[in-house]
Structure formats: C-alpha cells, structure tokens
Amino acid sequence: SIEDVITGWDGSLVATRYDRETGAFFVVAIHSRERGPAAGGTRVKQYDSYADAVTDATRLAGAMTLKMAAADLPMGGGKAVIALPAPRRELADDHWRRILELHAENLKTLGGSYWTGPDLGTSSADMDVVCGFGAPAFGRSEAAGGSGSSAPATALGVHVAIVASAAEVGIDDLAGCRIAVQGLGAVGMEVVELARKDGAHLIVTDIDPVLCERAAALGAEVVPPDAILGVESDVFSPCAVGGVIDVDVARTIRTRAVVGSANNVLTDTAAGDELARRGIVLAPDFVASGGGAIHLIGREVLGWTAEEVATHVEGIADTLREVFVRSRVGGISHDHAARDLADERLGRAGSRV
Ligand code: HCI
C-alpha cells in the first residue's frame, strides 16, 4: 500500500503537485544528498494511480543514490515523475510545454537540491526547455550547451558489464554467446550493435515492430515480447521496464547471467537471492546502468572529455568484478554485495550486514 511505501522509504523528501489545468501530477523524490546534490532523470508516462507514481519515484530515487555511489560520483540520488493524463503523443505541443514549465517551477521551488535529466519519456530537447525555464537539468542537447544523450554511454557500460559477467560464468569470448535483449530503445539497440560486433547471437524483442525490424536487419533473431523470458540464453539483458524478475521468474529463467540497463529489475531482494541460489550471475542494475550518470556528471560537473568518460564507463567492469569477489568471500548474493559496496561508498559501512 502507499502507506507501506511512505513509511518504508529511507529517503529525505518527496514533493508532489497536481495541476488541474494540465491534468499532470508531479512527483519529485529526493533520496539522498550525502554525496552531493540529488540527481536523476524525469520519468514521464501514464500511471494507474498517483500512488503508483509516488511509489515509482521513491524507488527510482533510492536506486539513483546507489548508482551514484557505486560509480563514485559526487552526487546524491533523486528522481522525478510526471504522471500524464493521456499518452504523451496525444498531448498538443503547448500542453506538453506548459507541463515542462510547471515541472521547472517545482524544481526551482526546491532550490537546486535536485538536478534532473532525461529518463524514460523525456529527451535532451525536453531538458533544453526545462533549463530554458530556469531549472537545473543535465543532458541538454549539445547545441544548447549540454552533453547530449547519455544512451551511448549507458550502452557501453552495459556492454562491458556483459563481458565481465560472461567471464564470471566461464565465457571468455562473446562470439557465439546467446544474448537475449528485452527492449530496443536507444540503449537496447546499441547493446545489440556492440554485442553483434563481438560475434554474439542476439535474440531480441520490443513492443514496437519497427524497432524489431531494425534489429533483425542487424542480424538479430526477433521473438514476441511475452516470449523473451522463456528464451534460453547465456545472458539476459533487460533494457526496457523494471520489475521483470520476481521470485517466480528467477526460479524459471533459463540464462546464466542477468545484465541490463533497466532500473529496479528485481521486484525484491528475494528475487536476487533466488538467482544467487541457482548460480545465475547478476550484474546489479545500479552498477551495470551507471554509464549514463557517468556521462552526464562526468561531462557536466567534473569536466571530463569524452575519452575520460569512456574510461570511467569501462571501469564498471572493475566494480562488477569487485562485487563478484565480495559475493564469493561473503557468501552473499551479487545484489547484496553491490548494496554493501555502495553503502561503503556512502560512508555507511556494514549497515546492511
Ligand atoms: C539514470 O541513470 O537512471 C539517470 C541518469 C541521470 C543521472 C543524473 C542526472 C539525471 C539523469
């Protein structure tokens, strides 16, 4: 229930606003500012209820804190959600623009304690608009002075995480390796391209048939969305929505490693424990998907060049190997080991042990 979400959350602030004129419901969740200002993208979609929107924002904000800590970035975790009254494609341009103006107003009220950026349903162009209304946003277009899309960096991070996770299960070369990719958005499609260059056999799916055709043209085998969890693979790469692995899926999925860009892939820690029990390698999402944050914060806060960003993104493989070692030494799941590592980088060593 929403009461459980609110009382179970360990973050610092949730701000909400409903706007009658646009029909939009806004949520900003600031989870932690222990390592710096809270940052994380703005997710835009329709929700079944406003309680679901608050639940999503708080869980995603918590994941951002772990992501920033795992990547050793000087930022905290936050997330914004805008629950739309209709699908985004059905909103008139001025309606959408007004929603972004209200969002910017909310962020200004929060006085810079939360910096937003692109996420599911928002783009660099949207960040240009939010910033134009005076609110702090990462990931503006390069033309507007930002660092542009973080998707290529996210995909590179997922790719090096796939290589490191495959090595952990004894696969030293992606040639012939069966990789099942769920979701062919900007990140998933790039994951497909990078894996294909290494000679992997790709099995892919997306709800958009156009994207499936594009992947098929790259040599991927296409399956229907509801079939991807039943595919036998060496690596399963969730690059669409979160919450795809619950205990039942963890018990039945026929793969050796789970490595993707979707946030909050596991529904709960029990799902992570079940993967561990079956000896399935898990590259925790907040580690594997860190490339986007490394790109945005690296370029826009730390002044890194594109090459320096790439080097740090490749470092995701080292972080993962450390997670695997900690898991082995401590006899704990990969999910648990990664949370411990992030907690240490938050200066809260041992809080979960
Ligand atoms: C994400 O990785 O989920 C979002 C990346 C991000 C990082 C910092 C500010 C906005 C978005």
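Each ligand, and each atom within it, is numbered from 1 in the order the structure gives. These values consider heavy atoms only, across backbone and side chains, with no hydrogens, waters or symmetry-generated copies.
- Taking every non-hydrogen atom of N263 and a distance limit under 4.0 Å, the qualifying atoms of ligand 1 come out as 3 (O).
- Ranking the protein heavy atoms by distance from atom 6 (C) of ligand 1 puts L296 CD1, 3.6 Å first.
- Among residue pairs with one or both ends in residues 243-294, none qualify as ring pair (Phe, Tyr, Trp, His ring centres under 6.0 Å); sequence neighbours excluded.
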For residues 211-230, tabulate all N or O donor-acceptor pairs below 3.5 Å that involve a side-chain atom, not counting sequence neighbours.
{"from": "E221", "atom 1": "OE1", "to": "H201", "atom 2": "NE2", "distance (Å)": "2.9"}

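- For H159 and D198, the side-chain atoms include at least one donor-acceptor pair closer than 3.5 Å.
- Heavy atoms of M64 come nearer than 4.0 angstrom to ligand 1 in at least one pair.
- Of the candidates K67, H295, E300, K67 brings a heavy atom nearest to atom 1 (C) of ligand 1.
- Among all non-hydrogen protein atoms, the one lying nearest atom 9 (C) of ligand 1 is G40 N, 3.4 Å.
- Of all protein heavy atoms, the one lying nearest to atom 8 (C) of ligand 1 is M68 CE, 3.7 Å.
- Side chain to side chain, T122 and D119 fail the donor-acceptor criterion of an N or O pair below 3.5 Å.
- Counting only N and O atoms by type, the side chains of T154 and S261 include no donor and acceptor under 3.5 Å apart.
- Close contacts of ligand 1 with G117, meaning ligand atoms under 4.0 Å from a residue heavy atom, involve 10 (C).
- From the protein, the heavy atom lying nearest to atom 11 (C) of ligand 1 is G41 N, 3.4 Å.
- Side-chain atoms of E300 and S147 include a donor-acceptor pair closer than 3.5 Å.
- Close N/O approach between K79 and ligand 1 is found [any backbone or side-chain N/O within under 3.5 Å].
- Near F138, with a cut-off below 4.0 Å to any heavy atom, the atoms of ligand 1 are 9 (C).
- Counting the atoms of ligand 1 from 1 in the order shown, those under 4.0 Å from a heavy atom of A39 are 8 (C), 9 (C).
- Side chains of S123 and D126: a donor on one and an acceptor on the other come within 3.5 Å.
- Ion pairing of K108 with E105 is absent here, as no side-chain N (NZ or NE/NH1/NH2) approaches a carboxylate O to less than 4.0 Å.
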